[in-house]
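Written below as C-alpha coordinates is the structure these notes are about.
Naming convention: chains lettered A, B, ... in sequence-line order (proteins, then strands); numbering from 1 in each chain. Every heavy atom of this structure was used, including side-chain atoms; hydrogens, water molecules and symmetry mates were not. This structure is a prediction, so every number in the text was calculated from the model and none was measured.
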Amino acid sequence: MPELPEVETVRRGLEPVLAGAAFAEVVQRRKALRFPLPENFAQRLTGRRVERLERRAKYLLATLDNGEVLAMHLGMSGRFTIQRPGANAQRPGEFLHEAGGSSAHDHVEFIMSNGVVVRYNDVRRFGFMALLPGDELATHKLFCALGPEPLGPAFTPQYLAQTLSNKRTSLKAALLDQRIVAGLGNIYVCEALHRARLSPRRQAGSLTTKSGRPGARASRLVPAIKGVLEDAILAGGSTLRDYRAIDGALGYFQHSFAVYARLGQRCPRDGCKGIVSKIVQGGRSTFFCPQCQR
DNA sequence: AAGAACTCCTGTTGGC
DNA sequence: TGCCAACAGGAGTTCT
(Lines give C-alpha, C1' and ligand atoms only; values in the text may rest on other atoms or scores of the structure.)
Protein backbone atom coordinates (compact mmCIF):
# COMPACT_ATOMS: atom_id res chain seq x y z
CA MET A 1 0.00 0.00 0.00
CA PRO A 2 2.17 2.80 1.16
CA GLU A 3 4.88 4.21 -1.02
CA LEU A 4 7.45 6.78 -0.03
CA PRO A 5 5.04 9.74 0.40
CA GLU A 6 2.68 7.72 2.58
CA VAL A 7 5.50 6.34 4.72
CA GLU A 8 6.94 9.84 5.08
CA THR A 9 3.52 11.15 6.13
CA VAL A 10 3.28 8.40 8.73
CA ARG A 11 6.78 9.21 9.94
CA ARG A 12 5.92 12.86 10.41
CA GLY A 13 2.84 11.89 12.40
CA LEU A 14 4.59 9.35 14.62
CA GLU A 15 7.81 11.22 15.22
CA PRO A 16 6.40 13.74 17.75
CA VAL A 17 4.81 11.03 19.89
CA LEU A 18 7.63 8.47 19.65
CA ALA A 19 10.81 10.52 19.80
CA GLY A 20 11.88 11.01 23.39
CA ALA A 21 9.32 8.54 24.74
CA ALA A 22 10.07 5.07 26.06
CA PHE A 23 8.22 1.82 25.50
CA ALA A 24 6.32 1.29 28.75
CA GLU A 25 4.64 -1.86 27.50
CA VAL A 26 4.61 -3.77 24.22
CA VAL A 27 1.73 -6.05 23.26
CA GLN A 28 2.43 -8.61 20.57
CA ARG A 29 -0.69 -10.42 19.34
CA ARG A 30 0.91 -12.80 16.87
CA LYS A 31 4.23 -14.48 16.39
CA ALA A 32 4.74 -13.27 12.86
CA LEU A 33 3.66 -10.74 10.30
CA ARG A 34 5.21 -11.46 6.93
CA PHE A 35 8.24 -12.74 8.79
CA PRO A 36 8.54 -13.79 12.43
CA LEU A 37 8.72 -10.82 14.79
CA PRO A 38 12.08 -10.61 16.58
CA GLU A 39 12.86 -13.03 19.40
CA ASN A 40 11.77 -11.63 22.77
CA PHE A 41 10.40 -8.64 20.90
CA ALA A 42 8.35 -7.07 23.70
CA GLN A 43 11.01 -7.72 26.30
CA ARG A 44 13.76 -6.18 24.20
CA LEU A 45 11.76 -3.03 23.53
CA THR A 46 10.32 -2.45 26.97
CA GLY A 47 12.13 0.34 28.80
CA ARG A 48 13.99 1.48 25.68
CA ARG A 49 13.68 5.11 24.72
CA VAL A 50 13.23 6.18 21.10
CA GLU A 51 15.89 8.69 20.15
CA ARG A 52 14.63 9.48 16.68
CA LEU A 53 12.34 8.22 13.93
CA GLU A 54 13.64 8.28 10.39
CA ARG A 55 12.67 6.88 7.02
CA ARG A 56 14.76 4.99 4.50
CA ALA A 57 12.94 3.97 1.31
CA LYS A 58 9.62 2.57 2.57
CA TYR A 59 11.01 1.68 5.98
CA LEU A 60 10.45 3.51 9.23
CA LEU A 61 13.54 3.39 11.44
CA ALA A 62 13.29 4.04 15.17
CA THR A 63 16.71 4.41 16.76
CA LEU A 64 16.69 3.23 20.38
CA ASP A 65 18.80 4.40 23.29
CA ASN A 66 20.72 1.11 23.33
CA GLY A 67 21.91 1.56 19.77
CA GLU A 68 19.47 -0.86 18.23
CA VAL A 69 17.12 0.16 15.44
CA LEU A 70 13.52 -0.94 15.14
CA ALA A 71 12.87 -1.21 11.40
CA MET A 72 9.24 -1.30 10.30
CA HIS A 73 7.80 -1.92 6.83
CA LEU A 74 4.10 -1.43 6.13
CA GLY A 75 3.82 -3.84 3.22
CA MET A 76 0.57 -3.37 1.32
CA SER A 77 -1.94 -2.78 4.08
CA GLY A 78 0.03 -1.81 7.17
CA ARG A 79 -0.93 1.30 9.09
CA PHE A 80 -0.16 2.96 12.37
CA THR A 81 -2.75 4.66 14.51
CA ILE A 82 -2.38 6.48 17.78
CA GLN A 83 -4.55 6.86 20.81
CA ARG A 84 -3.70 9.84 22.95
CA PRO A 85 -4.13 9.64 26.71
CA GLY A 86 -7.70 10.39 27.73
CA ALA A 87 -9.04 10.14 24.18
CA ASN A 88 -11.87 7.73 24.80
CA ALA A 89 -15.01 9.14 23.30
CA GLN A 90 -15.42 8.68 19.58
CA ARG A 91 -16.14 12.02 18.01
CA PRO A 92 -18.25 12.30 14.86
CA GLY A 93 -16.30 11.49 11.74
CA GLU A 94 -13.34 10.46 13.76
CA PHE A 95 -11.23 7.55 12.62
CA LEU A 96 -12.21 4.46 14.56
CA HIS A 97 -8.86 3.88 16.14
CA GLU A 98 -8.69 7.37 17.57
CA ALA A 99 -11.56 6.35 19.79
CA GLY A 100 -9.32 3.84 21.50
CA GLY A 101 -9.38 0.10 21.95
CA SER A 102 -7.84 -2.39 19.59
CA SER A 103 -9.60 -4.12 16.77
CA ALA A 104 -9.10 -6.97 14.36
CA HIS A 105 -5.69 -6.96 12.67
CA ASP A 106 -4.08 -4.82 15.34
CA HIS A 107 -1.02 -7.02 15.65
CA VAL A 108 1.34 -4.93 17.77
CA GLU A 109 0.70 -2.22 20.34
CA PHE A 110 3.27 0.14 21.81
CA ILE A 111 2.18 1.75 25.07
CA MET A 112 4.53 4.68 25.43
CA SER A 113 5.75 6.41 28.58
CA ASN A 114 3.93 9.59 27.53
CA GLY A 115 0.61 7.74 27.62
CA VAL A 116 0.19 7.46 23.85
CA VAL A 117 -0.79 4.04 22.48
CA VAL A 118 0.62 3.34 19.02
CA ARG A 119 -1.02 0.44 17.19
CA TYR A 120 0.20 -1.41 14.13
CA ASN A 121 -2.70 -2.72 12.05
CA ASP A 122 -2.13 -4.84 8.96
CA VAL A 123 -4.93 -6.80 7.31
CA ARG A 124 -2.81 -8.64 4.81
CA ARG A 125 0.26 -8.97 7.03
CA PHE A 126 2.74 -8.22 4.28
CA GLY A 127 4.44 -5.78 6.62
CA PHE A 128 7.20 -6.72 9.04
CA MET A 129 9.38 -5.48 11.87
CA ALA A 130 13.01 -6.18 12.64
CA LEU A 131 15.30 -5.22 15.50
CA LEU A 132 18.85 -4.65 14.34
CA PRO A 133 22.09 -3.29 15.73
CA GLY A 134 22.37 0.27 14.45
CA ASP A 135 25.91 -0.15 13.20
CA GLU A 136 24.89 -3.16 11.11
CA LEU A 137 22.02 -1.42 9.35
CA ALA A 138 23.97 -0.49 6.26
CA THR A 139 25.22 -4.02 5.77
CA HIS A 140 22.00 -5.82 6.66
CA LYS A 141 20.45 -7.68 3.75
CA LEU A 142 17.28 -5.60 3.96
CA PHE A 143 19.21 -2.39 3.42
CA CYS A 144 22.54 -3.10 1.74
CA ALA A 145 21.08 -3.44 -1.74
CA LEU A 146 18.69 -0.48 -1.62
CA GLY A 147 19.23 2.17 -4.25
CA PRO A 148 19.45 5.88 -3.47
CA GLU A 149 16.63 7.93 -2.04
CA PRO A 150 14.80 9.47 -4.99
CA LEU A 151 14.62 12.82 -3.20
CA GLY A 152 18.28 12.75 -2.26
CA PRO A 153 21.22 14.38 -4.04
CA ALA A 154 22.61 11.05 -5.28
CA PHE A 155 19.58 10.46 -7.47
CA THR A 156 20.55 12.30 -10.62
CA PRO A 157 19.96 11.81 -14.35
CA GLN A 158 23.57 10.68 -14.59
CA TYR A 159 23.05 8.03 -11.92
CA LEU A 160 19.81 6.78 -13.44
CA ALA A 161 21.09 6.61 -17.00
CA GLN A 162 24.21 4.82 -15.82
CA THR A 163 22.29 2.33 -13.71
CA LEU A 164 19.72 1.54 -16.38
CA SER A 165 22.18 1.22 -19.23
CA ASN A 166 21.91 -2.16 -20.94
CA LYS A 167 18.82 -3.09 -18.92
CA ARG A 168 16.34 -4.80 -21.19
CA THR A 169 13.44 -4.83 -18.78
CA SER A 170 10.72 -2.19 -19.04
CA LEU A 171 11.15 1.26 -17.59
CA LYS A 172 8.15 0.55 -15.36
CA ALA A 173 9.69 -2.60 -13.89
CA ALA A 174 13.08 -0.92 -13.46
CA LEU A 175 11.63 1.98 -11.46
CA LEU A 176 9.77 -0.43 -9.19
CA ASP A 177 13.06 -2.19 -8.45
CA GLN A 178 14.15 -0.91 -5.04
CA ARG A 179 17.78 -1.62 -5.86
CA ILE A 180 17.71 1.01 -8.58
CA VAL A 181 15.82 3.69 -6.68
CA ALA A 182 14.28 3.08 -3.27
CA GLY A 183 10.79 4.22 -2.34
CA LEU A 184 8.76 4.26 -5.51
CA GLY A 185 5.74 2.01 -5.91
CA ASN A 186 3.07 1.38 -8.49
CA ILE A 187 1.24 4.69 -8.19
CA TYR A 188 4.16 7.08 -8.27
CA VAL A 189 5.97 5.22 -11.05
CA CYS A 190 2.86 5.56 -13.22
CA GLU A 191 2.51 9.23 -12.35
CA ALA A 192 6.19 10.07 -12.81
CA LEU A 193 6.33 8.38 -16.21
CA HIS A 194 3.36 10.42 -17.31
CA ARG A 195 4.98 13.64 -16.13
CA ALA A 196 8.13 12.71 -18.03
CA ARG A 197 6.12 11.73 -21.14
CA LEU A 198 7.83 8.33 -21.20
CA SER A 199 6.15 5.05 -22.03
CA PRO A 200 6.16 2.47 -19.23
CA ARG A 201 6.85 -0.12 -21.95
CA ARG A 202 10.04 1.54 -23.14
CA GLN A 203 13.16 -0.52 -22.57
CA ALA A 204 14.93 0.78 -19.46
CA GLY A 205 18.27 0.88 -21.21
CA SER A 206 16.91 3.29 -23.79
CA LEU A 207 17.35 6.17 -21.35
CA THR A 208 21.05 6.01 -21.96
CA THR A 209 22.43 7.71 -25.04
CA LYS A 210 25.15 6.18 -27.18
CA SER A 211 27.71 8.39 -25.49
CA GLY A 212 26.61 7.07 -22.11
CA ARG A 213 25.37 10.49 -21.08
CA PRO A 214 21.95 10.85 -19.48
CA GLY A 215 20.23 12.49 -22.43
CA ALA A 216 16.93 14.28 -22.56
CA ARG A 217 14.78 11.41 -21.35
CA ALA A 218 16.67 10.73 -18.13
CA SER A 219 16.88 14.47 -17.62
CA ARG A 220 13.09 14.66 -17.75
CA LEU A 221 12.45 11.55 -15.70
CA VAL A 222 14.49 12.35 -12.62
CA PRO A 223 12.85 15.74 -11.95
CA ALA A 224 9.47 14.18 -12.73
CA ILE A 225 10.02 11.55 -10.05
CA LYS A 226 11.18 14.10 -7.50
CA GLY A 227 8.32 16.44 -8.34
CA VAL A 228 5.61 13.81 -8.03
CA LEU A 229 6.97 12.63 -4.68
CA GLU A 230 7.31 16.16 -3.32
CA ASP A 231 3.78 17.05 -4.39
CA ALA A 232 2.42 13.86 -2.88
CA ILE A 233 4.17 14.44 0.44
CA LEU A 234 2.70 17.94 0.57
CA ALA A 235 -0.72 16.37 0.02
CA GLY A 236 -0.22 13.86 2.85
CA GLY A 237 0.04 10.92 0.44
CA SER A 238 -2.71 9.20 -1.50
CA THR A 239 -5.71 7.47 0.02
CA LEU A 240 -7.06 4.79 -2.31
CA ARG A 241 -8.84 2.45 0.01
CA ASP A 242 -7.82 2.63 3.60
CA TYR A 243 -4.56 4.47 3.87
CA ARG A 244 -4.66 7.08 6.61
CA ALA A 245 -2.14 9.25 8.34
CA ILE A 246 -1.68 8.21 11.97
CA ASP A 247 -4.26 10.74 13.14
CA GLY A 248 -6.80 9.30 10.71
CA ALA A 249 -6.41 12.10 8.19
CA LEU A 250 -6.90 11.19 4.56
CA GLY A 251 -4.21 11.89 2.02
CA TYR A 252 -5.49 13.82 -0.92
CA PHE A 253 -2.93 13.38 -3.67
CA GLN A 254 -5.27 10.86 -5.35
CA HIS A 255 -7.23 13.87 -6.57
CA SER A 256 -4.13 14.91 -8.48
CA PHE A 257 -3.54 11.62 -10.29
CA ALA A 258 -3.01 12.17 -14.00
CA VAL A 259 -3.26 8.50 -14.99
CA TYR A 260 -3.34 6.12 -12.02
CA ALA A 261 -6.77 4.44 -11.71
CA ARG A 262 -8.09 6.71 -14.47
CA LEU A 263 -8.66 4.13 -17.18
CA GLY A 264 -10.71 5.53 -20.05
CA GLN A 265 -10.47 9.15 -18.95
CA ARG A 266 -8.96 11.97 -20.93
CA CYS A 267 -5.24 12.58 -20.53
CA PRO A 268 -5.00 15.77 -18.48
CA ARG A 269 -1.96 17.08 -20.33
CA ASP A 270 -2.60 20.35 -22.11
CA GLY A 271 -3.22 19.77 -25.77
CA CYS A 272 -3.14 15.96 -25.50
CA LYS A 273 -6.24 14.20 -26.77
CA GLY A 274 -5.18 10.78 -25.46
CA ILE A 275 -7.25 8.41 -23.35
CA VAL A 276 -5.70 6.71 -20.34
CA SER A 277 -4.95 3.03 -20.99
CA LYS A 278 -4.28 0.17 -18.63
CA ILE A 279 -1.88 -2.68 -19.25
CA VAL A 280 -0.40 -5.32 -16.97
CA GLN A 281 3.35 -5.44 -16.42
CA GLY A 282 4.89 -7.92 -14.04
CA GLY A 283 1.44 -8.68 -12.70
CA ARG A 284 0.80 -5.05 -11.74
CA SER A 285 -1.53 -2.61 -13.40
CA THR A 286 0.10 0.18 -15.35
CA PHE A 287 -1.87 3.29 -16.30
CA PHE A 288 -0.53 5.58 -19.00
CA CYS A 289 -1.42 7.78 -21.93
CA PRO A 290 -0.32 6.08 -25.17
CA GLN A 291 -0.63 9.41 -26.95
CA CYS A 292 1.90 11.54 -25.10
CA GLN A 293 3.99 8.91 -23.34
CA ARG A 294 6.61 7.65 -25.73
C1' DA B 1 22.54 -13.97 -14.28
C1' DA B 2 18.79 -11.09 -15.67
C1' DG B 3 14.10 -10.99 -15.89
C1' DA B 4 9.62 -12.80 -15.21
C1' DA B 5 6.38 -15.61 -12.50
C1' DC B 6 4.84 -17.03 -8.21
C1' DT B 7 3.92 -16.42 -3.42
C1' DC B 8 2.36 -14.70 1.04
C1' DC B 9 -2.80 -12.79 3.16
C1' DT B 10 -7.47 -10.74 3.64
C1' DG B 11 -10.97 -7.73 2.02
C1' DT B 12 -13.50 -5.40 -1.58
C1' DT B 13 -15.48 -4.91 -6.02
C1' DG B 14 -17.57 -5.85 -10.31
C1' DG B 15 -19.74 -8.99 -13.50
C1' DC B 16 -23.03 -12.52 -14.19
C1' DT C 1 -29.44 -11.08 -3.68
C1' DG C 2 -25.54 -14.38 -4.13
C1' DC C 3 -21.43 -16.30 -5.91
C1' DC C 4 -16.91 -16.06 -7.59
C1' DA C 5 -13.05 -14.34 -10.05
C1' DA C 6 -10.13 -10.50 -10.29
C1' DC C 7 -7.68 -7.20 -8.01
C1' DA C 8 -5.31 -4.19 -4.28
C1' DG C 9 -0.34 0.82 -2.42
C1' DG C 10 5.11 -4.78 -1.77
C1' DA C 11 8.86 -7.52 -2.37
C1' DG C 12 11.39 -12.03 -1.26
C1' DT C 13 11.82 -16.53 -3.45
C1' DT C 14 11.79 -19.54 -7.18
C1' DC C 15 11.56 -20.52 -11.86
C1' DT C 16 13.44 -20.04 -16.87
Side-chain angles (χ1 to χ4, degrees), chain A residues 1-11 29-37 55-60 71-80 96 103-107 120-130 140-147 150 163-193 200-206 225 228-229 232-233 235-245 250-257 259-264 278-287:
Chain A
M1 163 191 50
E3 306 181 33
L4 186 155
E6 290 75 33
V7 178
E8 179 59 25
T9 300
V10 170
R11 190 199 68 78
R29 295 215 162 74
R30 31 167 80 242
K31 280 204 283 285
L33 299 172
R34 179 175 185 185
F35 306 119
L37 283 157
R55 178 191 58 73
R56 169 77 172 108
K58 300 173 192 172
Y59 290 88
L60 289 168
M72 300 168 279
H73 194 293
L74 304 177
M76 287 281 258
S77 57
R79 62 212 245 192
F80 280 100
L96 179 66
S103 58
H105 310 300
D106 279 350
H107 306 306
Y120 179 70
N121 181 285
D122 189 350
V123 171
R124 296 175 71 181
R125 301 201 302 277
F126 287 171
F128 54 93
M129 298 186 187
H140 190 274
K141 66 174 180 179
L142 289 175
F143 298 95
C144 67
L146 286 178
T163 307
L164 295 183
S165 65
N166 303 319
K167 286 222 175 295
R168 307 173 68 85
T169 192
S170 67
L171 199 43
K172 169 80 184 306
L175 294 176
L176 283 175
D177 185 341
Q178 304 296 297
R179 295 169 300 184
I180 291 170
V181 55
L184 295 177
N186 206 31
I187 292 178
Y188 298 107
V189 167
C190 290
E191 292 297 309
L193 286 171
R201 294 192 273 214
R202 171 181 282 280
Q203 201 168 295
S206 71
I225 289 169
V228 164
L229 295 176
I233 290 171
S238 303
T239 298
L240 261 57
R241 284 156 203 82
D242 54 5
Y243 164 77
R244 306 286 185 122
L250 299 168
Y252 53 90
F253 189 73
Q254 67 278 9
H255 302 303
S256 302
F257 288 167
V259 289
Y260 188 84
R262 293 176 61 84
L263 174 63
K278 178 179 138 171
I279 57 174
V280 175
Q281 295 177 288
R284 323 272 321 264
S285 292
T286 299
F287 297 89

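When the P atom is used for both C/dT14 and B/dC9, the distance is 15 Å, rounded to whole Å. Using C1' as the reference atom, C/dG9 and B/dG3 are 23 Å apart when rounded to the nearest Å.
When distances run from any side-chain atom of A/V123 to the nucleotides B/dG11, C/dA8, C/dG12, the shortest one goes to B/dG11. Proximity note for A/R168 (side chain, C-beta onward) versus B/dG11, C/dG9, B/dG3: the nearest is B/dG3. Each of C/dG12, C/dG9, B/dG11 was ranked by its minimum atom distance to the side chain of A/Y59; first place goes to C/dG12. Closest to the side chain of A/R284, from the set B/dC9, C/dG9, B/dG11, is C/dG9.
Note: CG (A/D177) to P (C/dA11) measures 10 Å, nearest angstrom. With rounding to whole Å, A/D122 atom CG is found 13 Å from C/dG10 atom P. A/H107 has its NE2 atom 10 Å from the C1' atom of B/dC9, to the nearest Å. Taking atom CG of residue A/L142 and atom C1' of nucleotide C/dT13, one finds them 14 Å apart after rounding to whole Å. In this structure, A/I279 atom CD1 and C/dA6 atom P are separated by 19 Å, rounded to whole Å. Note: NE2 (A/H105) to P (B/dT12) measures 9 Å, nearest angstrom. Atom pair A/L33:CG and C/dG12:P shows a separation of 15 Å (rounding to whole Å applied). In this structure, A/Q203 atom CD and B/dA2 atom C1' are separated by 12 Å, rounded to whole Å.
Pairing of B/dC9, defined by two Watson-Crick or G-U wobble distances under 3.5 Å, is not identified with any nucleotide. As the counterpart of C/dG9, no nucleotide is assigned, since no Watson-Crick or G-U wobble pattern has both distances under 3.5 Å.
Judged by ring centres under 5.5 Å apart and planes tilted less than 30 degrees, A/F126 fails to stack against the six-membered base ring of B/dC9.
Taking 4.0 angstrom as the limit, A/H73 places none of its side-chain polar atoms (N or O) nearer than this to OP1 or OP2 of C/dG10. Between A/K58 and the phosphate of C/dG10, there is a side-chain N or O to OP1/OP2 separation shorter than 4.0 Å. A sub-4.0 Å separation between OP1 or OP2 of B/dC9 and a side-chain N or O of A/S77 is absent. Taking 4.0 angstrom as the limit, A/R34 places none of its side-chain polar atoms (N or O) nearer than this to OP1 or OP2 of B/dT7.
Here A/S238 lies in heavy-atom contact (under 4.0 Å) with a base.
Side chains of A/L4 and A/R55 form a contact here, defined as non-hydrogen atoms less than 4.5 Å apart.
Atom CG of A/L176 and atom CG of A/L171 lie 10.0 Å apart (nearest 0.5 Å).
In terms of position on DNA chain C, the residue among A/Q178 and A/R124 whose nearest nucleotide sits closer to the 5' end is A/R124.
With ring centers used as reference points, A/F287 lies 6.0 Å or more from A/F257.
Ring-plane geometry between A/Y59 and A/H73 is classed as perpendicular, the angle between the planes exceeding 60 degrees on a 0 to 90 degree scale with a lower cut at 30.
Between the side chain of A/K167 and the backbone N or O of A/S206 there is no donor-acceptor pair closer than 3.5 Å. In this structure, A/E3 contributes its side chain and A/I187 its backbone to a donor-acceptor pair below 3.5 Å.
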